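Since the structure is predicted, the reported quantities are computational estimates derived from the model, not experimental observations. Below, read A as the first sequence line, B as the second, and so on, with proteins coming before strands; counting in each chain starts at 1.
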Amino acid sequence: MSFTSLGLSAPILKAVAEQGYDTPSPIQAQAIPAVLEGKDVMAAAQTGTGKTAGFTLPLLELLSRGTKAQAGQVRALVLTPTRELAAQVAESVATYGKNLPLRSAVVFGGVPINPQLAKLRHGVDVLVATPGRLMDLYNQKAVKFNQLEILVLDEADRMLDMGFIRDIRKILAVLPKERQNLMFSATFSDEIRQLAKGLVNNPVEISVTPRNAAATTVKQWICPVDKGQKSALLIKLIKDNDWQQVLVFSRTKHGANRLAKNLEEAGIKAAAIHGNKSQTARTKALADFKSGAVRVMVATDIAARGLDIDQLPQVVNFDLPNVPEDYVHRIGRTGRAGASGQAVSLVSAEEIKLLNDIERLINRLLDREQVEGFTPVHPLPESRLTQGGKASHGRRNANAGHRDGQRSGDVARGHKPNDKNPRHQRSAQGDKDAAKPARAPRANGDGRRQNDSQPQGKAAAPHAQGPKPTGERRSHSGGNRSRNPQG
DNA sequence: AAAAAAG
């Protein structure tokens with residue numbers, strides 16, 4: 001299977017080839033023809049499966065066949081839950097559309113609106129947006145949808161989690177009824193199906209990603225540690241293992257700031273990224289992290305989904321996520337493209353319940369590796385997969401229908417890209433969402449991308465030794481429900 | 001309980 005057989009035209013194929021891709025990922029192979037046929041699509045896929053290119057390519061193809069956008073009009077609208085994701089998708093659109101006479105733009109909050117107004121004035125063929133700023137622009141009559149042909153809802157489940165449902169419905173209400181709809185979501189929860197009901201018509205359903213896909217390529221383990229020792233442990237891990245690019249997840253914004261400061265004090269370049277930071281600071285933190293100017297990026301779950309950092313080798317959960325599904329999304333930031341990746345979680349006794357929830361979700365117990373000198377005074381209780389009485393408090397219900405089946409087996413990365421041979425067999429799925437090459441694509445004929453220079457293999461890091469548990473506990477109120485039942 | 005997103 002190659003991209004050339006999917007019905008895409010030369011300008012697009014050329015752009016794809018210049019990125020070094022020749023083999024469509026499973027989701028691309030299914031989504032591209034369906035979209036080109038004008039069908040609605042509902043796909044369960046996470047970032048890293050080639051999802052972004054899966055809709056970007058056919059969307060550009062369809063738009064290239066039609067009439068260009070008139071003043072103030074938008075022909076295709078892509079909605080994403082975070083600003084960073086919007087920027088990333090927009091980059092993908094620009095990359096794959098570079099040989100086409102189409103205009104694209106990205107709009108989101110936190111940055112001046114005037115440049116966005118100017119860009120929209122002439123009309124754009126593709127607009128990537130976060131909901132809030134889009135509504136703002138629409139209310140200012142800076143954007144019109146009379147000419148809208150295609151709507152893409154990316155990370156739809158995240159949108160619901162984040163309470164965007166109302167905005168989404170408002171936006172849907174002002175779009176032409178006649179249009180093509182593409183909806184992407186990590187899972188098909190009940191809420192998502194509910195939303196889909198009023199959105200997609202007789203959709204082609206695609207499901208390529210097992211929720212725990214990353215499990216196949218990411219080495220995961222946990223380090224039991226006392227809460228107060230986490231910073232020191234993290235510093236030791238980074239220094240001892242010489243980790244050069246580490247994405248660290250913190251549960252809170254404040255915690256992220258504090259940790260970044262601790263790391264800096266320990267001589268480790270670090271930056272925090274979260275929703276309370278200015279957009280300027282967020283953009284800079286991400287850019288510095290990608291470029292290597294900063295060694296550690298401490299993030300809240302703003303970065304849990306979708307963020308695409310090429311060849312990211314190491315993810316650390318400084319705190320476990322409150323929602324077990326987010327664990328899967330977090331570690332999905334590494335181990336992409338068949339490259340090796342590692343994800344370590346620093347777990348204190350009070351997090352045992354969260355750990356249990358995660359282990360049940362991924363249906364496996366994580367290896368524990370005690371780091372010398374960090375044996376917790378409060379031992380981390382044994383965890384177990386079974387028992388615990390249904391372990392869930394409703395939160396899991398949303399995914400119930402999705403849970404069975406899928407083990408970590410083959411799936412997502414079905415194409416087993418050979419990480420030693422990026423030039424052949426490179427499937428767009430591999431790198432992140434295929435889509436965006438963060439730095440200028442090199443297109444030097446051999447089909448490699450600039451940062452192929454990054455070490456992929458990193459001899460499985462040496463991690464700790466000799467464990468030693470202890471105990472304590474604390475309860476985490478169960479009811480974890482962040483989804484709005486129907487809007 | 002926390003996170004993001006309009007300002």
Side-chain angles (χ1 to χ4, degrees), chain A residues 47 78-89 106-117 120 127-143 153-171 174 186 227 247-259 272-283 285-286 297-307 317-330 333 348 350-351 353-354 357-358 393-395 474-484 487:
Chain A
T47 305
V78 183
L79 292 175
T80 72
T82 67
R83 298 167 185 173
E84 280 73 16
L85 196 50
Q88 198 172 282
V89 170
V106 56
V107 299
F108 48 70
V111 296
I113 201 168
N114 283 341
Q116 298 176 357
L117 291 169
L120 292 171
L127 180 62
V128 184
T130 49
R133 180 58 65 91
L134 181 68
M135 287 299 293
D136 192 352
L137 288 162
Y138 178 79
N139 291 334
Q140 293 188 35
K141 306 214 184 307
V143 59
L153 214 52
D154 198 10
E155 301 278 358
D157 51 347
R158 185 60 153 190
M159 298 257 209
L160 295 191
D161 285 349
M162 286 165 54
F164 281 152
I165 186 64
R166 294 178 60 120
D167 284 342
I168 299 289
R169 292 199 186 283
K170 272 188 214 162
I171 293 166
V174 300
K227 200 170 158 193
L247 175 58
V248 178
F249 283 102
S250 160
R251 201 171 48 82
T252 65
K253 299 169 191 172
H254 181 61
N257 285 338
R258 205 174 14 184
L259 180 54
I273 185 170
H274 55 68
N276 278 3
K277 290 266 187 184
S278 70
Q279 191 54 40
T280 308
R282 282 164 59 165
T283 303
L286 188 53
M297 184 164 78
V298 188
T300 57
D301 279 319
I302 188 177
R305 296 204 194 190
L307 264 202
N317 287 312
F318 189 81
D319 303 305
L320 289 181
N322 286 318
V323 180
E325 282 81 1
D326 281 342
Y327 173 84
V328 179
H329 293 299
R330 287 177 174 189
R333 294 316 96 214
S348 62
E350 47 270 87
E351 295 174 296
K353 188 175 176 313
L354 296 174
D357 286 351
I358 288 164
H393 318 272
R395 112 182 37 142
R474 175 195 132 209
S475 62
H476 288 268
S477 51
N480 217 348
R481 205 160 172 81
S482 38
R483 298 165 171 105
N484 344 25

In plain terms, say whether Arg158(A) and Asp326(A) are close enough for a salt bridge, that is, a side-chain N and a carboxylate O under 4.0 Å apart. yes

Once you round it to whole Å, what is the distance between P of dA6(B) and CG of Asp167(A)? 8 Å

Donor-acceptor side-chain pairing of His274(A) and Asn257(A) below 3.5 angstrom: yes

Rounded off to whole Å, could you give me the CZ-to-P distance for the Phe318(A) and dA2(B) pair? 17 Å

Nearest-Å distance, CG (Asp319(A)) to P (dA3(B))? 10 Å

Less than 4.5 Å apart, side chain to side chain, heavy atoms only: is that true for Tyr138(A) and Ile171(A)? no

Nearest-Å distance, CZ (Arg158(A)) to P (dA5(B))? 10 Å

With rounding to the nearest 0.5 angstrom, report the CZ to CG distance, Arg83(A) to Leu286(A). 13.5 Å

Whether Thr130(A) contacts dA6(B) is assessed here as follows: a side-chain N or O lying under 4.0 Å from the phosphate OP1 or OP2. Is that the case? yes

Mind calculating the distance between CG (Asn276(A)) and P (dA4(B)) to the nearest angstrom? 7 Å

Identify which nucleotide among dA5(B), dA6(B), dA2(B) has an atom closest to any side-chain atom of Arg251(A), counting heavy atoms from C-beta outward. dA2(B)

Whole-Å distance between dA5(B) P and Arg169(A) CZ? 21 Å

Any side-chain N or O of Lys277(A) under 4.0 Å from OP1/OP2 of dA4(B)? no

Within a strict 4.5 Å, meaning less than it, do heavy atoms of the Asn322(A) and Arg251(A) side chains meet? yes

Spacing of Tyr327(A) atom OH relative to dA2(B) atom C1', expressed in whole Å: 20 Å

Arg282(A) side chain N/O closer than 4.0 Å to the phosphate oxygens (OP1, OP2) of dA5(B)? yes

Return the value, rounded to whole Å, for the distance between atom CE of Met162(A) and atom C1' of dA6(B). 13 Å

With a non-hydrogen cut-off below 4.0 angstrom, is Arg83(A) in contact with a base, only sugar-phosphate, or nothing? sugar-phosphate

Is Thr300(A) near enough to dA4(B) that one of its side-chain N or O atoms lies under 4.0 angstrom from OP1 or OP2? yes

Do Asn322(A) and dA1(B) share a donor-acceptor pair, side chain to base, under 3.5 Å? yes

